[in-house]
Amino acid sequence: MTLVAGVDIGSTTAKCALIEDGRIVGKSLAPVGVELVKDAERALEQALAEARRDRGEVRVVTGTGYGRFKVTFGQFTVTEIGCHAKGAHFLFPGTRLVLDIGGQDTKAIKVDPNGEVVDFAMNDKCAAGTGRFLDVCAGALGYDVSEIGALSLGARHPVKVTNTCTVFAESEVTSYVARGKDPKDILAGLYGGIVSRSLSLMQRVGVEPEVTFTGGVSKNEGMVRTLERRLALRVNVSPLSQYVGAVGAALYGLERPTGAPA
Amino acid sequence: MGDTGTEPRFLTTARDRQREMVEEYYAGLAGAGGPKKPVAYMLVGGNLTEIVRSFGYEVVFPEIVALNCAIKHVSLPNILHAESQGYGLDVCGYVKNDLGLQELGGETPFGRIPPPDLLVCSFSGCYVYVKWWEALAEKYGCPLFMLDVPYLRDATPQPEDIQYIVTQLHELIALLEKATGRAFDPAELRATLARSRRAEEGWVDYLASGRRRPSPIEAYFEAVFYMFPINVLRGTEVAADFYATVNAEVDERVRSGMYPVPDEKFRLVVEGVPPYPSYRTFWDFFRKWGAVSVAATYPKVGGLFDRGFLHDPARPFESIAEYSLGAYVNQSWPLRRTLIEEYVRDFGADAVLIHGIKSCRSFTAGQGDLRDRLIHDLGIPTLYIESDHEDPRYFAPAQIKNRMDAFFESLDRRKGTTPLPMVSG
Amino acid sequence: MAARVPPQEDLGGPDAAPSLELSETFEEFAGAPSIAALTQLAREVVSDPTYPTVRAWTRRGRGAVGCFPVYTPQELVHAMGLLPVSLHGGGESIEISHADAALGSFLCSISKSTLELGLTGRLAPFRAFVFPYICDVSRNLEGIFSRAVPGATTHMLHLPQNFRSEGTVPFLVAEYRRLIAKLERAGGERYRPERLADSIELFNRQRTEVARLTAVKRAQPGKLTLTESYLIRRLGGLIPREVHLQILERVHAELAARPNRTKDAIRVLLVGPFCEQPTLDLIELIEQVGCYAVDDELLQIYRWYDRVDPNGDPLENLASAYVRSTIDIGVRATPTTKGEAILRRVEAAGAQGVIFLTAKFCEPALEDVVLYRRALDRQKIPYLHLEFEERSAAYEQSRLQLETFVESILFD
Amino acid sequence: MITCGLDLGAGTIKGALLEDGQRLLATAIGPTRGNPVDAAHRVLERMVEEVNVLPDEVDYLCTTGAARYAFPDRHLQVSDITASARGAVFLLPGTRHVVDIGSQSSRAMSVSETGRVVRFKMNEKCAAGAGRFVDRCAKYLQVPLEEMAPKALAAAHPKMISSVCAVLAETEIINNVADEIPLADILMGVFLSLAQRAYILMRNVGIQPEVALVGGLVRSEAMVRALEQTAKTPVLADPRSHHAAAIGAALLGHARLQKLGGRPALLLAASG
Ligand SMILES: Nc1ncnc2c1ncn2[C@@H]1O[C@H](COP(=O)(O)OP(=O)(O)O)[C@@H](O)[C@H]1O
Ligand SMILES: Nc1ncnc2c1ncn2[C@@H]1O[C@H](COP(=O)(O)OP(=O)(O)O)[C@@H](O)[C@H]1O
Ligand code: SF4
Ligand code: SF4
Ligand code: SF4
């Protein structure tokens, strides 16, 4: 019985997953703050508390995400690209393509039948088309981002959101609201834009079933439906989709000789 | 960042010698210009150094000046100046560096670049060449000779292509005779071409040693330095001798086991122009993972010598024509694709790394398709990253490093060799 | 290549539009009762990315060839019994989701959307594609097309840039012969010089008629709008030239009777859109904000030389027309200086200002703007530089800039 | 003759009332939130009340700003670039170069002595480097907008922000706070980063003295200093310059009115 932990320090949230015997036994999620090292520590502590386990029982801690070098108490670091591949493969073994939309970036990752990365593509640094974009636009509509997923279902006349820049899109949304447009239709327009930008990344690595959608934005049902419609495919989304990177990181730890030097 | 902490390894003597040559070259440009010591500007791709030098011209290559500025971190002020003149963000960084530098008086840390008395444009592989030389001609009002080099679409040049270039070469010679009052000396050209040939053969031998395992050469980062003589000083005795020095030292590396990347783990073919403003940082990202480039396309921008496009004193004009046709970016995409595939095979590479240049469409437009071909049709792991060859503002180190780490990680796992790197700051 | 997601229209997405069906004889065009009806039809044709005119033409087994701008010798294509069709990208209606991956990010829209059309199978009605070497993008696009659109013939036509050499015309003739060989293999009829001579005559007439449109715009700018003139010209690259000629004659007859209703507007020269075309909205906007575009570089394909000599060896004449009488735009080396060239054109058009309307990432156009600007600055001629893209969100910003420009000339 | 200029901006609505094209009678400002037309009406009412005239006594009304076409009761609309150039020269007559930074836009223009725009350059697709960036930074750092400048001016070693994306800069600022960089240095870094963006536009049109800053950022003295430092040239600023475009619109309205030789009987249904 080996207990391993993966800590994913993203741009927006810190996540931790604990795995033992092929099962996820604990997890945690919290926004990242100012001190990433502390956030990482806390993520692990909270996951341990949820699993009612002790720090001493953890054999390997692997860090991932943009802040992976802040997981200073861990033994390994792996890029989030490798971790999303591995995590998605663990949750959906048939996965061939992972789309990860997080707080600040979007990645398309092609994986082989063993969950190894074959190819990947990601966008340049700009908030357009990321979770942050949705956060800001949801705010302009007067909602929290966690509410807008269900809200958009059943839109009939999606508006055309022409701006990609988050700031411009925010005013565009505001002006649609002022013109009395239905939030459903505005959201559908926003999703359409994000999905087509994501598709362009997915095309880069090649779209093949099965597609697994990960990262915080995959919790948005409207986004999932829009993606499915454009791909004409069913897309895997796990209830743990925001933890996929952390799960993958934990699994990497299992492949290492236990007690590897720090 | 996870640096190996070691200095990149160069061939000691060759690198010193190369430095001297560069210094001597720029020192030689001091005071050049005017009828006594006229200056010709030329482009690297398919250049006509041998002919133009034989008429007593000093030759300036603004592309090389530009890359030297970038490596020395002085390109940005030139670029900004050009932008203030109206050159947009998307214009080739070399062009902006040069035109900015010209407006600012030509001062560089390696000497003052004299203005041109003659502009020779070898339109070989890049349309921007034409635009760039037009701008220089407009500024300086000096004669511009346009050598039109047909795009190479068949592996072997067609007779009409060669005929067209040869006709133009004779016209260039007539122009040079008129401009300098000197008579053309065919025997002298043949002798010069013989020296060129000697340098070219030495260079080809150097490049071929990347086939060995481990590779005794770094065919991208290091080779870039040894490109200088083959492109700038070709036809001179010093250039011809230089490659003997280089190759002797490569042999020494093999004997003593002092390889450029001490523990060669990944063998790469690299396609694309280097990110000169962040050259060292970029190289670090490779070395950290034990990656060595065994072959690269960029060192072939001057000419594809290793594919037989060599100067030949017995067929002076025809061989110059063939050489110009063969410059790497003058090759059509199907030819470029084939070449890269052959490099991967012949040099036993594990993967391909493509470096796209945001402001260079000639090299870059289509690299995504190449990537698609390598990965999806041939199953060769390939990474595509993008920055710029001149403009430091386009190099995002954290993002590039993240992508490279992810790529090498996955290569590593597929090779199933060593553990992933430890946590480092 | 990896599997592809079908284009949005096919899924009945919000962009879906029914595609237009036309008759094989194109009588809709010849029979259009007025300029208004004609331009309405043209608008539909131009906005339909499924190439309705090409589908109509090929229905009877006739072949069509996609010609990328600018200097594809369409006469030659015509002479081989094929329909030369000007490729001008996908316009606003198509979504780019595949082409980015193959081409790269820092490229003009026309290259991306043309490739997108190819990658998504929407260029299937074409037998062959010709890409002239007008810039590195167009040149490279050919090599990508050869892989992206399997089965179609593609050709990169090297256009000479040395206009002084003895060797240029013979080389270009040889270059045209390479194209002929390709087209013959792609199902074109055997090349016969007399047919080419006929085609040259036909295209000469088309060019003369198109030039008359510009002349009208210059002399009586209130007679027809830029949008009308653009749409009428644009049709010329999409339908048989014989039909276009009929249309042009009718248009001129109607114009003769139209009043020249002028308004308080400034006369401008439109420089830069010789290859990628601005959206119809943007073209319309230019005159809406108070400009008369008294001359423009839109659709250069029809105007790149005045006439080709119909006597003698037609292939050689075609080549020397390119070498000797092509007008100066950004994708051809200029024999004089750019500065002189722009001042001459401003004067000839009687323009009060210049609008540089360049495609985003179009390097040939961008580089010329600097040289043009210097000359205009010296003469204190006002100008505006506007960049456009096919699917641009910056429409409001374009309006703002155009209005500012007009106001800076109108208000003192 | 009283003319009114209304600047319907993306962030705020500004208004100005002008007498005989010479004397500035009143200015007012209000947020754009909600319906810009209603907001503009409120701004107009406030001014009219302040100077004690009847709305009817306003002879001519000219709109400008992003929503200039939305306001139905106007005689004329002009672009905000044209308007802010006029306004800048009215307020600061020596001005030959205007930098206008609003909530989503930044532009630079060279102007003639009458305030005619000779050349200009603006940001188009990316809002990086505009006022929204400052607003967001103020929010993350929990410093009220008005207090940013006084605090920033105390900076000893300003810390530049590399990503001026109005949205993503947050992460970088958080990192700076984590690295215990003094607040003043972070704040001044914000303005200097903005100034650097503006400087690119300024160079593109050519900088000639005197340079004036207009738009919302003129309220921040730190922004003025940052621009001076970056462009290495003195920068004129007037507290009323936030209203430059509204004032310019009123001026252009006056000129138009004179040209027409009298007040138009009805508010024209606007063209465009
Ligand atoms: N309940 C939710 N519903 C919809 N979207 C959500 C929800 N929770 C988070 N998100 C989105 O996910 C984003 C964060 O994604 P995450 O993968 O955690 O980012 P990162 O890994 O970059 O820190 C947020 O910006 C938000 O848009
Ligand atoms: N006291 C202040 N200090 C700093 N910035 C300010 C202050 N007041 C306003 N601003 C800035 O001005 C911007 C609004 O500028 P404004 O010209 O009114 O915009 P717009 O015309 O686009 O509506 C705000 O985004 C804010 O950043
Ligand atoms: S300001 Fe807008 S376009 Fe610019 S980087 Fe940020 S989100 Fe992207
Ligand atoms: S090949 Fe690229 S880098 Fe070289 S001049 Fe042309 S555009 Fe510039
Ligand atoms: S728009 Fe410009 S860059 Fe693009 S293909 Fe045409 S000429 Fe080339």
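FYI, side chains are in, hydrogens and waters are out, and symmetry mates aren't considered; it's all heavy atoms of this structure. Every chain is numbered from 1 and lettered A, B, ... according to where its sequence line falls, protein lines coming before strand lines.
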A.B. asks: Which value, rounded to the nearest 0.5 Å, describes the distance between D/Arg132 atom CZ and A/Thr166 atom OG1?
C.D. replies: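 It comes to 11.0 Å.
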A.B. asks: If you compare all heavy atoms of D/Cys126 against all heavy atoms of A/Phe168, which two are closest, and at what distance to 0.1 Å?
C.D. replies: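 Taking every non-hydrogen atom into account, N-CE1, 3.8 Å.
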A.B. asks: Just wondering, do D/Val167 and A/Glu170 contact through their side chains at under 4.5 Å, heavy atoms?
C.D. replies: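 The answer is no; the side chains never approach within 4.5 Å.
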A.B. asks: Has A/Tyr143 got more than 12 heavy atoms of other residues, nucleotides or ligands less than 6.0 Å from its OH?
C.D. replies: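 No.
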A.B. asks: Quick one: closest heavy-atom pair of A/Cys165 and D/Ala127, and the distance?
C.D. replies: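 The answer is SG-N, 3.6 Å.
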A.B. asks: Taking everything shown except A/Lys184 itself, do over 12 heavy atoms lie less than 6.0 Å from its NZ?
C.D. replies: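 Atom NZ in A/Lys184 is crowded, with more than 12 foreign heavy atoms closer than 6.0 Å.
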A.B. asks: Could you state the interatomic distance from CD (A/Gln104) to CG (D/Leu168), rounded to the nearest 0.5 Å?
C.D. replies: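 Answer for the CD-CG pair, A/Gln104 versus D/Leu168, is 4.5 Å.
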